[in-house]
Protein chains: 2
Amino acid sequence: MIRIVLADDEDLIRGALAALLGLEDDIEVVGQASDGRTAVELARAHRPDLAVLDLEMPGWDGLAAAKQLSENPGIPSVLVTRHARPGVLKRALGDGVRGFVPKTTPASRLAEILRDVHAGKRYVDPEIAASALTATSCPLTDRELELLRYAHDGGTINAIAGQAHLAQGTVRNYLSSAMTKLGVETRYEAARRAWEEGWF
Amino acid sequence: MIRIVLADDEDLIRGALAALLGLEDDIEVVGQASDGRTAVELARAHRPDLAVLDLEMPGWDGLAAAKQLSENPGIPSVLVTRHARPGVLKRALGDGVRGFVPKTTPASRLAEILRDVHAGKRYVDPEIAASALTATSCPLTDRELELLRYAHDGGTINAIAGQAHLAQGTVRNYLSSAMTKLGVETRYEAARRAWEEGWF
DNA sequence: TCGACCACCTGACATTTGTCACGACCGGGC
DNA sequence: GCCCGGTCGTGACAAATGTCAGGTGGTCGA
């Protein structure tokens with residue numbers, strides 16, 4: 001019997017996934033959480049064989065939870081995600097994630113994947129793996145990424161400079177540099193590109 | 001027995017929802033589709049009692065499919081959505097949608113909701129209903145909305161003017177007007193606000 | 001120790017953008 | 001008729017933005 005802790009912030013999806021896994025004779029969902037922190041607490045209490053975590057969650061996301069679980073109680077995680085972002089896959093594998101499943105995966109495969117991971121294998125969606133291999137590794141510096149993160153929600157340069165505690169000239173330079181590196185015309189496009197690649 | 005056609009572009013979620021509904025004795029999923037157009041074809045072929053449609057789908061989205069189904073074979077629809085956008089709810093109800101369920105709804109409630117809708121009732125998530133009532137109705141003109149749609153993916157004014165076949169001065173005027181009406185500083189924030197409200 | 005390099009920051013400059021005032025056209029109400 | 005609101009455009013101005021040359025300090029390998 002494979003004992004699982006399941007985390008997804010959308011109740012409907014989490015419940016549906018639980019129903020799906022409940023159909024399998026050898027899988028048992030022993031706990032459900034709606035955010036990463038609760039998932040970690042549940043896992044430390046129940047000691048499941050496996051954690052199935054949605055990547056996009058408020059507060060601690062799936063990646064943060066997976067890292068915790070892999071370090072402390074040594075519980076392997078499978079991440080489920082809507083957006084197949086190559087950079088995120090790389091970081092996830094570095095943080096001890098054992099399976100990476102986009103939501104476009106056929107439902108019938110999920111149980112098999114969990115069994116494989118439980119048996120010690122790893123699973124990575126072939127599509128994402130391919131794009132992660134061909135993907136240009138991130139050409140941006142940490143500072144550039146930080147400012148792109150701020151730029152992502154559409155504020156003015158001044159607002160960004162305030163949040164980052166920098167002069168606006170500096171902010172403009174970093175963003176300009178990022179824009180040239182990515183070959184786009186505006187910081188918004190740059191921010192979107194960086195997000196899509198999974199660089200943050 | 002309530003016969004249902006189910007549409008969601010994410011295979012994993014669609015399969016999980018099917019599993020969830022399959023647990024109910026009085027509900028049968030007679031067809032599954034990954035986009036709105038296929039959902040409509042399936043529904044015309046199988047004549048289900050109800051269609052459960054994800055709102056966010058490529059090609060025809062859930063709203064378009066629901067409208068078709070309500071007009072032609074007269075099949076009622078329940079929309080499932082991730083983002084609770086008040087404007088979308090209003091349009092949906094106008095297009096004959098009978099149920100509006102955000103993905104934050106507890107999984108255990110879904111079956112009840114489908115039964116209610118099948119019995120002729122309507123269901124609208126109370127949270128969204130409240131925000132739709134208090135929401136300011138859209139103060140923007142069609143042209144302003146159109147340009148905000150273009151602005152939403154981050155191009156320059158020139159690019160937008162090209163797509164819309166307008167002079168850049170005109171584009172700036174419309175966007176500026178939209179920005180003042182919404183009380184924001186940049187066209188990107190304006191575009192995001194309009195999207196969040198469900199105005200497009 | 002030196003130079004090369006990189007991340008970091010700044011100021012000056014040209015372009016883009018937002019704002020405003022204005023005019024023309026069209027359609028529908030009063 | 002007249003007025004009003006939406007559409008489309010122009011020109012001008014100030015502010016925000018992007019671009020560039022340059023400066024500082026630290027690390028690293030030769």
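Letters A, B, ... are given to chains in the order of the sequence lines, protein chains preceding strands, and every chain is numbered from 1.
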Novice: Can a salt bridge be assigned to the pair Asp54(A) and Lys103(A) using a cut-off of 4.0 Å between side-chain N and carboxylate O?
Specialist: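 Salt bridge between Asp54(A) and Lys103(A), a charged N being under 4.0 Å from a carboxylate O: yes.
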Novice: What side-chain donor-acceptor pairs closer than 3.5 Å can you find for residues 38-51 of chain A, not counting sequence neighbours?
Specialist:
unit_1: Thr38(A); atom_1: OG1; unit_2: Asp35(A); atom_2: OD1; d: 2.5
unit_1: Thr38(A); atom_1: OG1; unit_2: Asp35(A); atom_2: OD2; d: 3.2
unit_1: Arg44(A); atom_1: NH2; unit_2: Gln68(A); atom_2: OE1; d: 3.4
unit_1: His46(A); atom_1: ND1; unit_2: Leu42(A); atom_2: O; d: 3.1
unit_1: Arg47(A); atom_1: NE; unit_2: Arg44(A); atom_2: O; d: 3.4
unit_1: Asp49(A); atom_1: OD2; unit_2: Arg3(A); atom_2: N; d: 2.7

Novice: When you check the gap from the basic side-chain N to the acidic O, do Arg115(A) and Asp26(A) get nearer than 4.0 Å?
Specialist: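 Looking at Arg115(A) and Asp26(A), the cut-off is met.
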Novice: Below 3.5 Å, can you tabulate the donor-acceptor pairs from side chains in residues 56-65 of chain B to any protein atom, sequence neighbours excluded?
Specialist:
unit_1: Glu56(B); atom_1: OE2; unit_2: Thr81(B); atom_2: OG1; d: 3.1
unit_1: Asp61(B); atom_1: OD1; unit_2: Leu63(B); atom_2: N; d: 3.3
unit_1: Asp61(B); atom_1: OD1; unit_2: Ala64(B); atom_2: N; d: 3.0

Novice: Judged by each residue's nearest nucleotide on DNA chain D, which is more toward the 5′ side, Val184(A) or Glu144(B)?
Specialist: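 Closer to the 5' end of DNA chain D: Glu144(B).
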Novice: Can you give the donor-acceptor pairs under 3.5 Å from side chains of residues 158-167 of chain A to other protein atoms, not counting sequence neighbours?
Specialist:
unit_1: Asn158(A); atom_1: OD1; unit_2: Gln168(A); atom_2: NE2; d: 3.2

Novice: Tell me what Thr141(B) touches on the nucleic acid: a base, only sugar-phosphate, or nothing, going by heavy atoms under 4.0 Å.
Specialist: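 Thr141(B): backbone/sugar contact only, no base atoms under 4.0 Å.
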Novice: With a strict under 4.0 Å distance from non-hydrogen atoms of chain B, what nucleotide opens and what nucleotide closes the contacted stretch of DNA chain D, reading 5' to 3'?
Specialist: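 For DNA chain D, the relevant span reads dT7(D) to dA12(D).
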Novice: Quick test of your reading: applying ring-ring contact (aromatic ring centres under 6.0 Å, His included), list the pairs with at least one residue in residues 75-115 of chain B, sequence neighbours left out, ordered by first then second residue.
Specialist: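 Sorted pair list: His83(B)-Trp195(B).
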Novice: Can you name the atoms? Protein N/O to nucleotides 15-18 of chain C N/O, anything below 3.5 Å, with the distance.
Specialist:
unit_1: dT17(C); atom_1: OP1; unit_2: Ile157(B); atom_2: N; d: 3.4
unit_1: dT17(C); atom_1: OP1; unit_2: Arg187(B); atom_2: NH2; d: 3.3
unit_1: dG18(C); atom_1: OP1; unit_2: Arg187(B); atom_2: NE; d: 3.1
unit_1: dG18(C); atom_1: OP2; unit_2: Arg187(B); atom_2: NE; d: 3.1
unit_1: dG18(C); atom_1: N7; unit_2: Arg172(B); atom_2: NE; d: 2.9
unit_1: dG18(C); atom_1: O6; unit_2: Arg172(B); atom_2: NH2; d: 3.4

Novice: Charged N to carboxylate O below 4.0 Å: is that the case for Arg143(A) and Glu146(A)?
Specialist: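 Yes, this pair counts.
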Novice: Could you tell me whether Arg192(A) and Glu189(A) make a salt bridge, using a distance below 4.0 angstrom between a side-chain N and a carboxylate O?
Specialist: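 No salt bridge links Arg192(A) with Glu189(A).
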